[in-house]
Participant: 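Supplied in structure tokens, the structure appears directly below.
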Protein chains: 2
Amino acid sequence: MSHDATNAPAAIDGDTARLVAETMQALATPSRVLILGHLRTSPLTVGDLARAVEMDPSAVSHQLRVLRHLGLVVAERTGRTAIYSLHDEHVAELVDQAVHHITHRRLGLGSHAS
Amino acid sequence: MSHDATNAPAAIDGDTARLVAETMQALATPSRVLILGHLRTSPLTVGDLARAVEMDPSAVSHQLRVLRHLGLVVAERTGRTAIYSLHDEHVAELVDQAVHHITHRRLGLGSHAS
DNA sequence: TGCACATATGAACGTCTATTCATCATTTCG
DNA sequence: CGAAATGATGAATAGACGTTCATATGTGCA
């Protein structure tokens with residue numbers, strides 16, 4: 001997902017498609033996008049996230065489990081609380097680029113491809 | 001989704017999250033990833049795609065409708081056939097980056113974030 | 001030590017969705 | 001002109017899934 005992803009790939013194989021879909025699934029519901037977007041700005045507890053995205057803490061916790069299992073977020077237990085962060089810079093970039101894509105689509109900046 | 005998506009955004013608002021999720025949905029199932037992946041390499045007819053991704057033509061056609069409505073692909077009618085292409089370079093980049101992300105995850109290249 | 005707090009997890013349920021099967025519309029060709 | 005080819009669309013259905021409610025677990029504190 002960096003600027004050197006410019007060599008047109010061979011058509012995607014089934015396994016890759018599955019993996020891509022699995023990960024993109026994380027960004028396919030507004031609730032998870034919101035969660036990842038907030039974690040993009042700083043590490044947060046479940047409670048912080050629930051308040052920030054205005055969701056039930058249980059719903060947030062469920063979604064965080066999905067994200068954890070996908071390897072997109074990590075939790076650091078601190079006493080009663082768990083501090084969640086994005087797993088790494090790649091995830092951060094994934095979120096940024098998803099948002100950026102929407103922004104550029106809005107601006108109508110496009111040229112024909114394929 | 002280019003390399004200047006480096007300014008950490010404010011936390012995402014609900015509308016943006018909805019739009020992001022809507023678009024990412026296109027990449028959230030293997031069948032659509034495969035279709036987009038093939039269209040990444042060249043324009044193709046529905047029949048070509050069906051054979052390439054080993055899906056029923058009707059299933060492909062349905063998915064193409066989803067992708068059309070999301071503005072990710074365009075169809076050019078030529079007699080009996082319709083030639084499908086990715087809508088623009090942004091979509092191509094979206095596909096590339098989704099694949100690239102998986103590739104880099106596989107390689108275990110990551111650093112902590114957030 | 002018992003209660004409060006934070007979070008994880010499971011079950012239930014309503015909603016969503018991808019594929020299949022059927023049907024239709026348009027174009028091409030023998 | 002009728003049949004074949006191509007692709008769009010609708011309905012049905014099985015499976016997936018996000019949220020709610022309930023319960024469990026671990027930590028902190030008076």
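Note on naming: letters A, B, ... go to the chains in the order of the sequence lines (proteins, then strands), and numbering restarts at 1 for each one.
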Participant: Establish whether B:V46 and B:I83 are linked, either directly or via other cluster members, by ILVMFWY side-chain heavy-atom contacts under 4.5 Å.
Facilitator: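 Different clusters: B:V46 never reaches B:I83 through Ile, Leu, Val, Met, Phe, Trp or Tyr contacts under 4.5 Å.
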Participant: Distance check needed: C:dA6 C1' versus A:R80 CZ, whole Å only.
Facilitator: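 Between C1' of C:dA6 and CZ of A:R80: 7 Å.
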Participant: Using a 4.5 Å cut-off on heavy atoms from C-beta on, say whether the side chain of A:L64 contacts that of A:L49.
Facilitator: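 The answer is yes, as the side chains (C-beta and beyond) meet within the 4.5 Å cut-off.
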Participant: Rounding to an integer number of Å, can you tell me how far B:D48 CG sits from D:dT6 P?
Facilitator: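 It is 10 Å, rounded to the nearest whole Å.
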Participant: Once you round it to whole Å, what is the distance between P of C:dA8 and CG of A:L67?
Facilitator: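 Whole-Å distance recorded here is 12 Å.
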Participant: Round to the nearest Å and state the distance from A:L27 atom CG to D:dC17 atom P.
Facilitator: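 Distance, rounded to whole Å: 15 Å.
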Participant: Whole-Å distance between C:dG10 C1' and A:H69 NE2?
Facilitator: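 Those two atoms, NE2 and C1', are 13 Å apart.
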Participant: How many whole angstroms separate atom CG of B:L64 from atom P of D:dT6?
Facilitator: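 Computing the B:L64:CG to D:dT6:P distance gives 16 Å.
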Participant: Decide yes or no, distance alone: a donor-acceptor N/O pair under 3.5 angstrom between the base of D:dT9 and the side-chain of B:S58.
Facilitator: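 By the distance-only test, yes, there is a pair.
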Participant: What is the distance, to the nearest angstrom, from the CZ atom on A:R51 to the P atom on C:dA6?
Facilitator: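 In whole Å, C:dA6 P lies 7 Å from A:R51 CZ.
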Participant: Closer to the 5' end of DNA chain C via nearest nucleotide, is it B:T78 or B:Q25?
Facilitator: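 In this pair, the answer is B:Q25.
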Participant: Pick base, sugar-phosphate or nothing for B:S61, based on heavy-atom distances below 4.0 Å to the nucleic acid.
Facilitator: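 Base, at least one base atom sits under 4.0 Å.
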Participant: So if I take every side-chain heavy atom of B:R68 and compare against D:dG28, D:dT9, C:dT9, which nucleotide ends up nearest?
Facilitator: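 So the side chain of B:R68 is nearest to D:dT9.
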Participant: Just to be sure I understand the rule, does A:A59 reach a base, reach only the sugar-phosphate, or reach nothing, if contact means heavy atoms closer than 4.0 Å?
Facilitator: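 Base contact.
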Participant: Could you tell me whether the side chain of B:H62 has a donor or acceptor atom within less than 3.5 Å of a complementary atom in the base of C:dT20?
Facilitator: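 Side chain to base: pair present.
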